[in-house]
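Everything numeric here is computed off the predicted structure, so don't read it as measured data. As a basis for the values below, the full set of heavy atoms in this structure was taken, side chains included, without hydrogen atoms, waters or symmetry mates.
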Amino acid sequence: LDETTSGVDPISRDNFWELIIDLSRNDNVTIFVSTHFMNEGARSERISLMHKGKVLITDTPKQLVKLKNKDNLEEAFISYLEDVLQESSNEEKTEEVVSEKTAKKEQKESSFSLLRVFGYSYRESLELLRDKVRLTFALLGTVILMFAIGYGITMDVENLKFAVLDQDKTQLSRNYIENIAGSRYFLEKGTLNSFEELDDRMKSGEISLAFVIPPNFGKNLTKGYKQEIAVCLDGTFPFRAETIPGYVQGLHYNYLQNFYKENLGIDIKSDTNILLRYRYNQDFKCIYSIVPAVIPMLLIFIPAILMALSVVREKELGSITNFYATPVTKLEFLLGKQLPYVIISMISFFILVSFSIVIFGVPLKGSFFTLSLAALLYIICTTGIGLLMSSFAKTQIAALAGTAIFTLLPTVQFAGLKDPVSSLEGIGRFIGEVFPVTYFINISRGLFSKNVSFSDLHLEFFALSISAVVIIMLSLFVLKKQEK
């Protein structure tokens with residue numbers, strides 16, 4: 001019976017207890033009664049004193065009073081409560097100490113942990129291996145696109161940068177140079193002092209063609225002697241090199257015709273000819289330029305999308321709460337999610353390079369180790385871009401569309417895929433210089449076509465390293481440990 005005498009007058013309460021006692025002692029009925037009146041508890045054969053739902057002690061009323069050496073049950077009950085309150089105070093102090101130790105432990109656990117990083121990597125790897133569609137897309141998607149793009153891209157020619165190695169240094173040779181520089185198709189980039197400087201500047205991509213004016217050019221020209229002017233062309237961009245000879249020959253013969261007409265008053269044909277020399281891709285095949293540039297484009301498009309979808313997919317499924325509720329730091333979460341896709345993308349890179357050499361027949365003239373190291377830094381950047389995009393997207397459709405636009409458009413338009421970044425102006429030039437694809441395209445083309453060394457590419461490697469750090473830091477900044 002639960003507090004059956006609450007709100008009852010004293011006479012009725014006494015009558016009630018007489019009935020209860022008679023029923024219990026004469027009819028042998030066990031009765032459980034809860035009450036907050038101590039004089040009622042004193043009538044029971046056994047009593048349990050309780051506080052906050054917990055039993056403090058159970059015994060006969062007389063024994064409970066005797067244990068506390070009190071005059072009545074109410075005073076004994078108060079004494080038992082005081083003991084409990086004292087114990088609670090001690091427990092609270094103990095809990096505070098334990099809480100401080102726990103907080104320090106959690107703070108220690110919140111520091112960077114490779115174990116948690118690999119834990120997330122292992123979980124993400126299992127999900128990737130179980131999802132056959134995503135795994136197939138990650139491994140073979142780049143190869144399929146490479147076949148489609150490798151044979152399908154054509155490009156126009158603009159802004160031809162040149163320099164001159166003038167071995168004659170006469171007024172006529174200077175006039176000849178001014179005739180070339182005055183054309184809207186050419187941009188002069190200083191003079192050359194040696195063939196070594198010519199090789200260095202063309203290898204770095206600073207110029208795309210160079211004129212070599214031989215000694216006695218002016219003297220032989222005035223006498224009508226046979227003379228050849230060498231023009232060195234960078235064959236790395238065959239779509240540009242196809243047009244350059246026509247521009248050069250047109251300006252050359254136009255200058256000679258005007259020279260003889262103005263100085264001698266005659267219209268004759270000179271024996272001064274143009275000697276074209278192609279460097280880097282002497283076979284003049286477009287595929288030698290397209291394929292090395294397609295590899296960077298594919299390695300930003302697919303890995304970035306897969307990385308973005310991986311995180312947003314957790315948001316949609318709700319499994320992102322594992323990150324919110326555990327002591328895993330933001331850096332551990334990002335690196336753990338990123339690592340499997342870096343490994344998958346590196347495997348894809350090796351497949352692409354193999355296809356480039358075996359299927360497309362594009363030789364790798366430079367160091368494969370240098371190219372692989374650059375690819376690793378580049379893939380860290382591209383998967384980092386996917387992580388960055390996933391921080392803003394709420395759905396997989398939004399992540400797919402946003403990442404595709406953010407990666408593909410700058411790559412095709414501003415990263416040097418069609419034209420050198422140095423030929424761009426304004427915002428396009430700025431995007432090209434800060435976008436990591438630009439530097440990996442330079443590395444890929446340089447190693448495939450020009451056999452450049454690591455020392456020649458140190459600026460590109462530095463730019464990729466800085467880009468990787470900046471992208472990861474931005475991802476850490478925008479990623480929230482708790483969803484709003």
Side-chain angles (χ1 to χ4, degrees), residues 114 116-146 295-317 319-320 322-323 328-353 371-393 395-408 411 436-437 440 464-465 467-476 478-479:
L114 279 176
R116 292 197 292 263
V117 170
F118 288 117
Y120 259 96
S121 296
Y122 177 70
R123 173 179 171 272
E124 188 66 25
S125 300
L126 292 179
E127 291 187 2
L128 190 59
L129 291 174
R130 290 167 182 165
D131 193 339
K132 303 302 181 184
V133 175
R134 272 202 301 165
L135 183 60
T136 303
F137 184 63
L139 290 175
L140 301 181
T142 54
V143 177
I144 296 172
L145 286 177
M146 189 175 191
I295 292 176
M297 184 176 69
L298 298 178
L299 289 180
I300 189 175
F301 182 59
I302 290 182
I305 287 178
L306 290 176
M307 189 73 259
L309 292 178
S310 170
V311 178
V312 177
R313 182 169 176 266
E314 288 208 21
K315 292 182 180 180
E316 289 188 342
L317 296 177
S319 56
I320 192 72
N322 294 328
F323 166 59
V328 176
T329 64
K330 293 193 290 185
L331 181 60
E332 292 167 356
F333 174 76
L334 292 176
L335 295 181
K337 297 290 289 185
Q338 190 177 16
L339 185 58
Y341 292 95
V342 171
I343 296 174
I344 288 292
S345 299
M346 284 301 296
I347 296 174
S348 179
F349 161 74
F350 294 135
I351 295 174
L352 292 177
V353 173
L371 183 61
S372 300
L373 179 60
L376 178 60
L377 291 174
Y378 177 65
I379 288 171
I380 292 175
C381 292
T382 60
T383 51
I385 290 174
L387 283 174
L388 185 60
M389 295 300 296
S390 69
S391 301
F392 301 100
T395 64
Q396 296 188 58
I397 297 298
L400 177 62
T403 307
I405 294 173
F406 184 77
T407 57
L408 203 56
T411 300
V437 184
F440 189 57
L464 287 178
S465 302
S467 298
V469 174
V470 170
I471 292 171
I472 294 297
M473 292 297 103
L474 286 176
S475 300
L476 280 174
V478 299
L479 179 65

Next on the checklist: Which heavy atom of Ile379 sits nearest to which heavy atom of Met346, and what is that distance?
Outcome noted: CD1-SD, 3.4 Å

Item to check | Separation of Ser390 OG from Ile385 CD1 (nearest 0.5 Å) | outcome: 12.0 Å

Checklist entry - Would a 4.5 Å heavy-atom cut-off, applied to side chains only, mark Met297 and Thr407 as touching? => result no

Next on the checklist: Could you report the tightest heavy-atom contact between Ala468 and Ile380, atom names first, then the distance?
Outcome noted: CB-CG2, 3.9 Å

Checklist outcome for this item: Smallest heavy-atom separation, Leu334 atom then Ile472 atom, equals CD1-O, 4.5 Å

Checklist entry - Yes or no on side chain to side chain contact (heavy atoms under 4.5 Å, CB included) for Tyr378 and Val437, after CA distance, side-chain angles and deciding distance? => result CA-CA 8 Å; Tyr378 177 65; Val437 184; 3.4 Å; yes

Checklist entry - So which heavy atom on Ser121 is nearest to which on Leu335, and how close? => result OG-O, 4.1 Å

Next on the checklist: Can you confirm whether Met307 sits close enough to Ser310 that some side-chain heavy atom of one is under 4.5 Å from a side-chain heavy atom of the other?
Outcome noted: yes

Item to check | Leu377 side chain near Phe440 side chain, heavy-atom distance below 4.5 Å | outcome: no

Checklist outcome for this item: Taken to the nearest 0.5 Å, the spacing of Leu388 CG from Thr403 OG1 works out to 9.0 Å

Checklist entry - Is there a donor-acceptor contact under 3.5 Å from the side chain of Ser475 to the main chain of Ile471? => result yes

Item to check | Phe350, CZ: over 12 other non-hydrogen atoms inside 6.0 angstrom | outcome: yes

Next on the checklist: Considering only residues two or more places apart or on different chains, which pairs with a residue in residues 337-347 satisfy salt bridge (charged side-chain N to carboxylate O under 4.0 Å, His left out)?
Outcome noted: Glu124-Lys337, Glu314-Lys337

Checklist entry - Do the side chains of Thr383 and Leu387 get nearer than 4.5 Å, heavy atoms only? => result no

Checklist outcome for this item: Correct closest heavy-atom pair for Leu299 and Ser348 would be CD2-OG, 4.4 Å

Checklist entry - Can you tell me how far CD1 of Ile302 sits from CD1 of Ile344, rounded to the nearest 0.5 angstrom? => result 12.0 Å

Next on the checklist: For Pro303 versus Leu298, what's the shortest heavy-atom pair and its separation?
Outcome noted: CD-O, 3.4 Å

